[in-house]
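For the numbers below, each heavy atom of this structure counts, side chains included, while hydrogens, waters and symmetry mates do not.
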Amino acid sequence: MEPDKILHQHKLKRTGCREGILEVISEAGHPLSENEIRGRLTENFDRTTFYRSFKTLLDNNILHKIVVDNQLIKYALGKSAGNTINHAHFYCSSCNALECLEPVPLKLPGIPEGYLVQETEIIIKGLCSQCH
């Protein structure tokens with residue numbers, strides 16, 4: 001889905017920074033860190049504009065946050081931008097690449113009565129085909 005349509009769908013103002021962030025992530029085809037996103041933007045937005053835009057996209061579930069470990073967080077388009085939320089990721093421990101894997105049915109452990117599962121994440125760590 002095009003960045004302007006995603007923003008319109010969420011009743012968010014179209015800004016160059018928001019559209020730029022969405023374009024960078026869409027074109028990459030795989031999750032990116034904040035620094036990778038900033039580095040690929042064609043325009044140079046000040047730090048405050050970038051982080052406000054980034055936070056707005058996260059708060060509206062347009063971006064999906066993937067926590068690999070304490071030092072590595074990457075982002076992909078989220079459920080509200082047409083991607084499924086409950087899926088696994090593959091992380092290459094050699095080159096730090098992170099890929100969203102095709103959605104597969106996940107068998108959850110017994111969830112206590114009265115609990116509501118909102119999101120499930122699985123990160124599979126190993127070596128990608130280029131590093132293996």
Side-chain angles (χ1 to χ4, degrees):
M1 188 181 295
E2 297 294 318
D4 60 333
K5 292 178 182 169
I6 293 170
L7 295 170
H8 178 74
Q9 178 184 359
H10 289 85
K11 297 180 173 83
L12 293 173
K13 183 179 177 183
R14 287 178 57 193
T15 67
C17 189
R18 289 175 186 170
E19 288 182 337
I21 291 168
L22 293 174
E23 280 180 31
V24 165
I25 293 174
S26 293
E27 290 173 2
H30 56 86
L32 300 170
S33 69
E34 284 182 28
N35 287 337
E36 291 170 323
I37 295 166
R38 277 196 79 154
R40 293 181 185 196
L41 286 172
T42 55
E43 289 185 53
N44 189 16
F45 299 100
D46 65 72
R47 194 172 183 87
T48 302
T49 300
F50 175 80
Y51 285 108
R52 282 186 183 160
S53 297
F54 204 79
K55 183 172 179 355
T56 298
L57 297 173
L58 278 170
D59 290 347
N60 283 275
N61 296 316
I62 296 171
L63 294 184
H64 169 56
K65 182 177 181 177
I66 306 157
V67 180
V68 176
D69 59 32
N70 291 343
Q71 296 178 348
L72 182 60
I73 299 172
K74 296 213 177 192
Y75 301 87
L77 291 179
K79 182 178 180 181
S80 64
N83 291 351
T84 58
I85 254 330
N86 294 324
H87 61 274
H89 299 93
F90 186 88
Y91 171 72
C92 178
S93 54
S94 178
C95 70
N96 297 322
L98 182 70
E99 291 186 41
C100 294
L101 302 176
E102 291 295 319
V104 294
L106 301 175
K107 183 169 170 69
L108 296 176
I111 305 298
E113 190 174 323
Y115 284 57
L116 174 65
V117 176
Q118 293 181 314
E119 186 174 341
T120 303
E121 277 195 22
I122 294 175
I123 297 181
I124 301 165
K125 297 179 180 181
L127 299 175
C128 68
S129 61
Q130 293 185 356
C131 294
H132 181 274

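The shortest non-hydrogen separation linking Cys128 to Cys92 is N-SG, 3.3 Å. Of all the heavy atoms in Asn96 and Lys74, the pair that sits closest is O-NZ, 3.3 Å.
By the criterion of side-chain heavy atoms lying less than 4.5 angstrom apart, applied directly or through intervening Ile, Leu, Val, Met, Phe, Trp or Tyr residues, Phe50 is grouped together with Leu12 in one hydrophobic cluster. Hydrophobic cluster membership is shared by Leu77 and Ile73, with clusters built from Ile, Leu, Val, Met, Phe, Trp and Tyr side chains linked at under 4.5 angstrom. Both Ile21 and Leu58 sit in one connected hydrophobic cluster of ILVMFWY residues. Membership requires side-chain heavy atoms under 4.5 Å apart, directly or through other members. At a threshold of 4.5 Å between side-chain heavy atoms, the hydrophobic network of Ile, Leu, Val, Met, Phe, Trp and Tyr places Leu72 and Ile66 in one connected group.
The shortest side-chain heavy-atom distance between Glu23 and Arg40 does not fall under the 4.5 Å cut-off. Looking at Ile123 and Phe90, their side chains never come closer than 4.5 Å, going by heavy atoms from C-beta outward. At least one side-chain heavy atom of Leu7 sits less than 4.5 Å from a side-chain heavy atom of Leu57. Counting heavy atoms from C-beta on, the side chains of Ile124 and Leu101 come closer than 4.5 Å. Residues Ile6 and His10 meet the side-chain proximity criterion, which asks for heavy atoms closer than 4.5 Å.
Looking at residues two or more places apart in sequence or on another chain, you find no ring pair (Phe, Tyr, Trp, His ring centres under 6.0 Å) involving Phe45. Leu116 pairs by the side chain to side chain contact (heavy atoms under 4.5 Å, CB included) definition with Gln118, not counting sequence neighbours.
When the shell of 6.0 Å around CZ of Arg38 is examined, it contains more than 12 heavy atoms from other residues, nucleotides or ligands. Heavy atoms of other residues, nucleotides or ligands lying less than 6.0 angstrom from CG of Asp59 number more than 12.
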Which atom pairs, donor and acceptor, lie under 3.5 Å between side-chain atoms of residues 24-34 and protein residues at least two apart or in another chain?
{"residue": "Ser26", "atom": "OG", "partner": "Leu22", "partner atom": "O", "Å": "2.9"}
{"residue": "Ser33", "atom": "OG", "partner": "Glu36", "partner atom": "N", "Å": "3.1"}
{"residue": "Ser33", "atom": "OG", "partner": "Glu36", "partner atom": "OE1", "Å": "3.3"}
{"residue": "Glu34", "atom": "OE1", "partner": "Tyr51", "partner atom": "OH", "Å": "3.3"}
{"residue": "Glu34", "atom": "OE2", "partner": "Tyr75", "partner atom": "OH", "Å": "3.3"}

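A distance of 11.5 Å separates SG in Cys17 from CZ in Arg52, rounded to the nearest 0.5 Å.
When atom types are taken as modelled, the side chain of Asn60 and the backbone of Ile62 share no donor-acceptor pair closer than 3.5 angstrom. With Arg14 contributing its side chain and Glu19 its backbone, the two residues share no donor-acceptor pair below 3.5 Å.
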